[in-house]
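Scroll down for the structure; my scribbles are underneath it.
Reckoned from all heavy atoms, side chains included, excluding hydrogens, waters and symmetry mates. Order of listing sets the numbers, starting from 1, for every ligand and every atom in it.
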Amino acid sequence: MADLISEIQALEAEAAAAIAAAADAEALAQVTQNFTGKKGALTGVMKQLGSLTPEERTAVGKAANTFKAKLDELLAAKEKQLTESKFASLAETEFLDLSVTPPEFSQVRGGVSSGHTHPITQTQRRLEAIFTSMGFSIVDGPQVEDDYHNFGALNFTDDHPARDMQDTFYTVTGHLLRTHTSTVQIRALESMKPPLRIIAPGRVFRYEEVDASHEHTFYQMEGMIIDRKVSVGNLLHLMQTLLTEVFGREVDVRLRPGYFPFVEPGFELDMKCLVCNGAGCSVCKHSGWVEVLPCGLVHPNVLRSAGLDPAEWQGAAFGLGLNRLVMMQHGIEDIRHFMAGKLEFLRQF
Ligand code: FA5
């Protein structure tokens with residue numbers, strides 16, 4: 001019996017050493033198996049109990065229980081230690097700094113995976129913010145229009161050259177793709193009551209020979225104020241505010257008379273070309289100036305066809321060429337870049 005007890009005590013030292021040497025949870029499970037498993041060392045000792053007296057059995061059983069309790073204690077301590085060191089090394093190797101910008105976002109402005117808005121959209125949104133802060137509403141109209149909204153209600157005579165097939169895309173059903181956002185002036189006058197202030201950004205189409213400053217599909221932003229008293233002074237102040245806000249500084253402009261059937265008087269507002277700084281290039285056709293902002297006071301005939309009395313109501317309107325404005329903003333030397341779908345171009349903005 002004394003032999004069995006000292007055998008059990010020897011197992012304790014052996015087990016303690018094995019537990020201390022275990023490197024992970026798997027090794028620990030193996031230790032348990034080796035000592036208290038079906039074929040374990042303690043199980044082997046216990047098999048010899050049959051030859052002992054009941055008192056001796058009790059004494060050996062007690063020693064075995066002490067061993068098991070000790071083993072459990074050592075195993076639990078080691079398990080705790082292994083878990084702690086595992087997390088300590090995880091914190092070192094898998095440290096996550098949430099304040100660091102992921103590499104693909106910092107390498108390319110705007111990011112490969114997130115993308116960003118088109119430069120024309122960016123300027124359009126900036127303008128929308130400026131105008132809504134001045135009390136303007138943003139309105140929309142269809143891109144496929146009828147002759148009345150694109151021409152007739154805008155005081156175009158039947159023989160006006162802009163009605164010519166060369167400028168306008170017609171559909172087989174007798175509709176057309178709007179050639180300007182002035183169509184939305186008419187739609188707003190039909191659905192809103194004056195006084196009113198609207199802007200209408202949108203896509204327009206022209207049967208046009210494409211070059212560095214002309215596209216067949218481009219963007220305009222219409223603006224219109226209808227009130228009891230509207231003057232050229234109001235109009236020019238509006239244009240000035242618009243340009244200063246977009247460019248963040250005063251820009252060189254020139255105003256000259258311009259003819260549009262739906263305004264009287266009408267003006268062409270040109271910007272000094274910022275691609276060549278006025279020296280002359282393919283964008284400004286070597287003139288140093290770019291047409292961006294035609295405008296004028298709403299023609300009495302337009303008011304009349306909307307059912308408004310020109311003696312009571314006056315209006316001012318403008319038709320901003322958005323593509324060209326964005327070209328001036330960023331010094332873009334060819335309008336065709338906007339729709340080329342080239343990421344190298346788009347990623348610059
Ligand atoms: C108009 O379209 C008038 N509806 C503007 C207007 C509105 C005048 C309200 C008065 C009152 P225009 O055809 O000039 O006008 O075009 C306006 C602007 O659009 C031009 O100054 C130019 O910046 C831009 N634009 C015209 N044609 C093209 C084109 N093919 N490609 C790119 N931009 C163009």
Side-chain angles (χ1 to χ4, degrees), residues 120 123-124 127 141 145 149-151 153-156 160-164 166-169 176-189 197-226 230 232 234-236 238-239 242-243 246 253-271 273-275 282-285 287 289-299 301-303 314-329 332 334-339:
I120 293 184
T123 300
Q124 181 186 320
L127 285 163
E145 265 292 7
H149 288 90
N150 200 82
F151 297 124
L154 285 161
N155 198 32
F156 279 83
H160 196 281
R163 286 174 180 257
D164 198 290
Q166 287 199 342
D167 295 315
T168 310
F169 289 111
L176 52 82
L177 299 187
R178 67 178 180 192
T179 59
H180 53 181
T181 46
S182 299
T183 52
V184 191
Q185 285 189 31
I186 305 305
R187 298 213 166 256
L189 287 169
R197 292 162 172 240
I198 56 122
I199 52 164
R203 190 149 53 167
V204 300
F205 312 85
R206 289 188 195 180
Y207 186 57
E208 188 104 67
E209 203 164 316
V210 171
D211 62 23
S213 56
H214 291 83
E215 261 291 8
H216 50 75
T217 301
F218 58 101
Y219 290 81
Q220 290 187 341
M221 182 181 279
E222 198 77 6
M224 182 175 69
I225 298 179
I226 303 286
V230 179
V232 171
N234 297 141
L235 176 66
L236 297 183
L238 201 60
M239 306 292 89
L242 183 165
L243 293 173
V246 168
V253 295
R254 72 175 184 191
L255 196 67
R256 49 195 178 92
Y259 173 72
F260 302 92
F262 41 94
V263 287
E264 180 57 38
F267 305 97
E268 283 285 3
L269 193 148
D270 306 332
M271 270 188 73
C273 182
L274 293 178
V275 174
S282 57
V283 173
C284 60
K285 303 276 175 303
S287 71
W289 296 91
V290 180
E291 289 179 8
V292 285
L293 234 176
C295 54
L297 295 187
V298 177
H299 197 287
N301 287 350
V302 174
L303 295 170
Q314 297 177 332
F318 64 83
L320 172 70
L322 255 179
N323 299 50
R324 291 201 192 154
L325 184 80
V326 176
M327 289 170 81
M328 294 301 106
Q329 247 185 309
I332 296 166
D334 198 311
I335 197 168
R336 288 166 285 202
H337 289 313
F338 289 124
M339 294 204 301

Can you name the side chain to side chain contact (heavy atoms under 4.5 Å, CB included) partners of Val210, sequence neighbours left out? Glu215, His216, Arg336
Can you name the salt bridge (Lys or Arg N to Asp or Glu O under 4.0 Å) partners of Glu291, sequence neighbours left out? Arg256
Tell me, please, which residues at least two apart from Arg187 pass salt bridge (Lys or Arg N to Asp or Glu O under 4.0 Å). Glu145
Collect the protein residues that have a non-hydrogen atom under 4.0 Å from ligand 1 and hand them over in chain and number order. His180, Ser182, Gln185, Arg206, Glu208, Ser213, His214, Glu215, Phe218, Gln220, Glu222, Phe260, Phe262, Val263, Glu291, Val292, Pro294, Cys295, Ala317, Phe318, Gly319, Gly321, Arg324, Ile335
Measure up the Tyr259 and His160 rings against each other and bin them: parallel (under 30°), tilted (30 to 60°), perpendicular (over 60°). parallel
His180 and Phe151 aromatic ring geometry - parallel, tilted or perpendicular at 30°/60° bounds: tilted
Looking at every heavy atom in both Phe318 and Ile199, which two are closest together, and how far apart are they? CZ-CG2, 4.4 Å
